[in-house]
There are 2 protein chains.
Amino acid sequence: MTHHSDQRAYFFKIDITIKKIRNALQKRLLDAGFDLTVDQWVLIDHIYRQKGICQNELAELTFKDPPTVTRIVDLLQKKGLVERGPVEGDRRKFRLSLTKSGKGIYQKAFPIVAEIRRKGWGDLSEADYQHFVRIMDSIYQNFTDPKAV
Amino acid sequence: MTHHSDQRAYFFKIDITIKKIRNALQKRLLDAGFDLTVDQWVLIDHIYRQKGICQNELAELTFKDPPTVTRIVDLLQKKGLVERGPVEGDRRKFRLSLTKSGKGIYQKAFPIVAEIRRKGWGDLSEADYQHFVRIMDSIYQNFTDPKAV
DNA sequence: GAATAATTATTCGTCTACTAATTATTATGG
DNA sequence: CCATAATAATTAGTAGACGAATAATTATTC
């Protein structure tokens, strides 16, 4: 990366692209009649695929903070989509699971989410995907490795 | 993109990568003693480079909503870094500019931001940058074009 | 076994995102 | 010229991100 303007651009491009994706998915969910935010969907998706998961595991998987997970789970529980059950042997934890209503929402919303994913990726190729993964993982690792700046 | 898991992944990768970058930059600014959030920095950066810009222009350039810009400018004004001046001929607008203190902050913070940008891009090549731009722009456009899903 | 440390979830405070609605001002059309 | 529409900024409300601090429980250590 040689140009000064480019150095500014990659951060910016990632930022506006994720905003576009989130906004498109949010709008699509609302238009389809779902009372769900994108982040609420993300948690529902994880709980569906890993029934009984507890909140700190969910926080790790989704890269959200524990307080954020607490708040979103509270909302989902109020909406009757998620239940907190006891974990035998550890009274600090909750087993999270979808209610019948929650499973129904998941199954109805999934095709919409999949459609948005397909729409976003569009005509990009498998080779593009390899580039994409390599570049994003590289950036990520550059901020993860414990080497000094 | 052929695999089911991949379809889930690209959204996720963008999301966690931008979080990493933001968190790294935020931490670096705080460690260096700046009382600035990343978004506050973004506005300062734009105002420095385009003195007299008004808020709706700033909102467009940064892809933030007008209310968000209002709030961040309020904070920057309270901190004494930004001034709102009158626009001759249109009393709805404000001319935004950095105060002396704001310019000083900009000049001291800029090298830190540039360093974080370099660190994030790391060893990726110019060719990687071409791929990156093409892929991100494509995803962005797939949600921008007025063609139906 | 009791004191201490670590873990899990929560609460609080600040900041940002987005929508809808409001105010003030400017532009436009009849 | 006047009514109406459009624009710029703001306010209010809900949701999410993150840090710091707290409470309850579990694990560790002496």
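Proteins come first, then strands; the chains are lettered A, B, ... in the order of their sequence lines, and each starts at number 1. Hydrogens, waters and symmetry mates are skipped; everything else that's a heavy atom, side chains included, is used.
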Counting just side-chain N and O atoms, does [X] come under 4.0 Å of either OP1 or OP2 of [N]?
{"X": "A:Arg91", "N": "D:dT26", "value": "yes"}
{"X": "B:Asn23", "N": "D:dC18", "value": "yes"}
{"X": "B:Thr68", "N": "C:dT16", "value": "no"}
{"X": "B:Gln55", "N": "D:dT10", "value": "yes"}

Problem - Side-chain heavy atoms of A:Asp39 within contact of A:Lys64, under 4.5 Å - result: yes
Problem - Salt bridge A:Lys78-A:Asp74, side-chain N to carboxylate O under 4.0 Å - result: no
Completion exercise
5'-most contact on DNA chain C (nearest-nucleotide basis), A:Arg71 vs A:Lys19, goes to A:Arg71
Exercise for the section: Kindly indicate whether the side chain of B:Arg92 and the base of C:dT25 share any N or O donor-acceptor pair separated by less than 3.5 Å? Expected result: yes
Problem - Touch class at under 4.0 angstrom, heavy-atom based, for A:Gln40 against every strand present - result: sugar-phosphate
Practice task
Describe the nucleic acid contact of B:Thr37 in one word from base, sugar-phosphate, nothing, applying a heavy-atom distance below 4.0 Å.
Solution key: sugar-phosphate
Problem - Intermediate values then yes/no, salt bridge (charged side-chain N to carboxylate O under 4.0 Å, His left out), B:Glu115 and B:Arg28 - result: CA-CA 10 Å; B:Glu115 169 200 307; B:Arg28 196 72 185 76; 2.9 Å; yes
Completion exercise
Within residues 75-83 of chain B, the residues having a heavy atom closer than 4.0 Å to DNA chain D are none
Using whole Å, what does the distance between atom [atom2] of nucleotide [N] and atom [atom1] of [X] come to?
{"X": "A:Asp74", "N": "C:dT10", "atom1": "CG", "atom2": "P", "value": "6 Å"}
{"X": "B:Gln26", "N": "C:dT14", "atom1": "CD", "atom2": "C1'", "value": "11 Å"}
{"X": "B:Lys93", "N": "C:dA27", "atom1": "NZ", "atom2": "C1'", "value": "12 Å"}

Practice task
Take atom CD of B:Gln130 as the centre, draw a 6.0 Å sphere, and report whether it contains more than 12 heavy atoms from other residues, nucleotides or ligands.
Solution key: yes
Completion exercise
Comparing A:Ile72 with B:Leu30, nearest DNA chain D nucleotide closer to 5' gives the residue A:Ile72
Practice task
Could you go through the side-chain contact (heavy atoms from CB on, under 4.5 Å) check for A:Phe34 and A:Lys108 one step at a time?
Solution key: CA-CA 9 Å; A:Phe34 293 99; A:Lys108 284 198 281 279; 3.7 Å; yes
Practice task
Apply the side-chain hydrogen bond (donor to acceptor under 3.5 Å, both in side chains) test between A:Gln55 and each candidate in A:Arg92, A:Lys93, A:Arg84; give the one that qualifies.
Solution key: A:Arg84
Handout entry: Selected nucleotide, minimal atom distance to B:Asp39 side chain, candidates D:dG16, C:dA17, C:dT8
Key = C:dA17
Problem - Steps toward ring pair (Phe, Tyr, Trp, His ring centres under 6.0 Å) verdict (A:Phe12, B:Phe63) - result: CA-CA 10 Å; A:Phe12 185 64; B:Phe63 286 69; 5.8 Å; yes
Fill in the blank from the handout: Within residues 56-67 of chain A, those residues having any heavy atom closer than 4.0 Å to DNA chain C are A:Asn56, A:Pro66, A:Pro67
